[in-house]
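For reference, the structure is listed below as C-alpha cells.
In listed order, ligands and their atoms are each counted from 1.
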Amino acid sequence: MTAALLHMALRVEQDIFVVRQRGREVAAAVGLEHQDQVRIATALSEVARDLLRGTGGADVIFAVVTTADGRSHLRVDLVPVAPLPDGRYEPQSGAVARLVDTLSVVAGTEDTVVRMSRRVPLTAQTLTPERLAELRATLERTAPGTAEEELATQNAQLVTALDEVRSQRDELARLNEELEQTNQGVMALYHQLTDELEETNRGVVALYAELDEKSAQLRAASESKSRFLANVSHELRAPVTAVIGLARLLADSASDPLTAEQARQVGLIRSSASDLLALVNELLDLAKAESGRIEPNWAEVDLRALFGQLRGTLRAVRTEDEVELVVEDPPAPASLRSDEVLLAQVLRNLLHNGLKFTASGEVRLRAERRDGHWWLSVSDTGPGIAPELHERIFEEFYQVPGATRVNGTGLGLPYARRLVTLLGGTLELTSEPGRGSTFTVSLPVGGA
Ligand code: ADP
C-alpha cells in the first residue's frame, strides 16, 4: 500500500534547501530517528543538486509504502523534468547511496524516476491511514523556511554529529581499556588454572605409581601364598597317604588281631587321615588353579555324554533316600568348545554340594542354550543361602555356620569358580533361605 504524503517541485537552486528541509520534516513525521532524518535529508539534497544540474529540475514525491508483512518504508521519488542522460543516474558522491537503504533508477509511468527509500523502525510502525492523513495535512500547512534557516539547521546538525563522533571515540577508547584489563585478568586466570592442572596431574601420576607398586606387592603376596599352599600340600600328601596305608594294614585280617577298642581307634585314624588327604588334594588343586598352572585342554565337548557320565557317577554318591537326582537331557546340538575334565569337575562339585546339603526333594542339572552361551544350572530344594553370604561362600575355607556345615573343607566353590573363569565363563548363585539354591555356570558356546 502506498500513501503519498507531500508533493513539491525542484526548479531553482533555492529549492534544494527546501527539499532538504522538507525531507527532514517528513522523516521526523513518519518516526525516523534523528540520525536517520539527517541522513535522508542529506541524501535528498545531494540527489536534488545532481538532477537540477543534469536535467533542469524534478518533481519530488514523498510517500509511505507498507508491504504485505506490515513493514513501512519512507519512499522519495524524484521525477526529472527532462529525460536522464542515457536513462541512467549515478550520484556525484558515491557515499550518498550509503545514507539510505535503497537508491536506484526505476521506470516510472511516463519517465524514469530516481527512487530512494529508508525503513521506518518497528517502534514507529503505527502509520495507520488516519495518522498518514493527519501527517499529510500538517505538512501542507507548514510553510518551508528560508535558505538561511536551513543553513543554520544544517550547521547545528553538523555540530551534533561531530559531538557524537567525539563521544563515540571516547567510548571506544574506554572500551579498549576495559578489554585490555579483562584480557589481563583472563590471562592471569589461565596461568593459575594451568598451574593447578599441572599440580593435580603430578598428584595423579604419583598416585598411579603408588597403585602400581601396591598391585605388584599384592600379586607377589598372592603368588607366594599359592606357592606355599602348593608346596605344603604336596609335601603333606605322601605322609598322609602312608598313614592311611598303615592304618589299613593294621586293620587287615592278615595282621595280628586287634581288640575291639583298637579296631575302633584305627578306624578313626583312617577316616581322619582320609579327610586330611581330601583337604590336601583340594588345596593342591586350588593352588594350581590360582597360580595359572592349569592349562585347559580345549576340545569339542558333547554335553549329552558328559551329563550321562555325571548321572552315572553321582547316583552312587547319593546319600538321602528322599532326594532325587534329576539330570535333564541337554537340547541338541549339545556341544561346546571347552575342557571336558575341568567342566565335569565343576558340575560334579556343584551336584555333590546339592546332594550333600539337601534333605528332601530333588537336585536337578539342566542345560539351556541362549545368547551364544550355554547356561548349565544345578538347582536343589535344600536350605538355601542368605543373600549376604552369596559372595562369601566363594571365599576359601568359608562355610555357612549351622546345619549345612557338614564334612567339607570350604574349598570346593572357590575352586569351581576358578575353573569356570579359566574356561572363559562365570559361576553365579541365586538362592534364598528356605527356597533352595541354583548355581549357574555360563560358558560361551565357542570357548574362551
Ligand atoms: P564345602 O562344601 O566343602 O563346605 P564349598 O566351597 O563347596 O565347601 O561350599 C562352601 C559352603 O557353601 C558350604 O559349606 C555350605 O555352607 C554352602 N553351600 C554350598 N553349596 C550349597 C547348597 N547347595 N546349599 C546350601 N548351602 C551350600
Side-chain angles (χ1 to χ4, degrees), residues 225-226 229 233 236-237 240 271-290 294 307 310-311 313-328 342-367 375-423 425-442:
K225 184 197 79 179
S226 299
L229 282 181
S233 42
L236 274 176
R237 229 167 17 164
V240 173
S271 85
S272 301
S274 296
D275 284 351
L276 191 58
L277 186 63
L279 171 67
V280 165
N281 280 337
E282 281 188 42
L283 267 177
L284 194 60
D285 283 343
L286 189 63
K288 262 203 267 176
E290 282 199 345
I294 296 181
F307 277 31
L310 287 168
R311 197 183 285 122
T313 50
L314 282 151
R315 201 152 274 158
V317 178
R318 278 184 50 196
T319 45
E320 306 283 343
D321 274 348
E322 289 104 277
V323 181
E324 196 189 349
L325 170 68
V326 186
V327 178
E328 291 185 12
L342 299 183
L343 184 54
Q345 228 174 327
V346 170
L347 295 176
R348 200 178 309 118
N349 190 316
L350 297 175
L351 286 166
H352 216 280
N353 272 356
L355 291 169
K356 191 162 65 173
F357 297 114
T358 307
S360 67
E362 63 165 38
V363 174
R364 182 180 289 267
L365 169 64
R366 63 190 303 265
W375 305 82
L376 313 175
S377 60
V378 176
S379 46
D380 63 49
T381 52
I385 300 163
E388 63 273 19
L389 300 178
H390 284 193
E391 277 310 308
R392 288 218 67 186
I393 59 164
F394 288 98
E395 287 172 13
E396 290 144 31
F397 298 110
Y398 186 79
Q399 294 182 298
V400 177
T404 63
R405 201 167 181 161
V406 279
N407 54 14
T409 57
L411 290 173
L413 287 178
Y415 180 53
R417 189 172 251 184
R418 271 262 149 213
L419 291 188
V420 175
T421 311
L422 272 179
L423 296 176
T426 56
L427 170 58
E428 299 299 337
L429 161 68
T430 45
S431 177
E432 261 181 64
R435 298 194 158 203
S437 316
T438 301
F439 288 87
T440 308
V441 175
S442 130

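Set against the non-hydrogen atoms of Ser437, the atoms of ligand 1 under 4.0 Å away are 24 (N). Numbered from 1 in the order shown, with element, the atoms of ligand 1 that lie under 4.0 Å from a heavy atom of Phe439 read 20 (N), 23 (N).
The shortest distance between side-chain heavy atoms of Trp375 and Val441 does not fall below 4.5 Å.
Not a single heavy atom of Phe394 sits less than 4.0 Å from an atom of ligand 1. The closest approach between Glu282 and ligand 1 stays at or above 4.0 Å for every heavy atom of the residue. Residue Tyr398 places a heavy atom less than 4.0 Å from ligand 1. At least one heavy atom of Pro414 sits closer than 4.0 Å to an atom of ligand 1.
Counting only non-hydrogen atoms, the option in Ile393, Leu411, Val378 that gets closest to atom 12 (O) of ligand 1 is Ile393. Evaluated by nearest non-hydrogen atom to atom 23 (N) of ligand 1, the leading choice among Asn353, Asp380, Asn349 is Asp380. Selection from Thr438, Val400, Thr358 by nearest heavy atom to atom 16 (O) of ligand 1 gives Val400.
A salt bridge links Glu391 with Arg417: the distance from a Lys NZ or Arg NE/NH1/NH2 to an Asp or Glu carboxylate oxygen falls below 4.0 Å.
Geometrically, ligand 1 and Gly410 share a nitrogen or oxygen pair separated by less than 3.5 Å.
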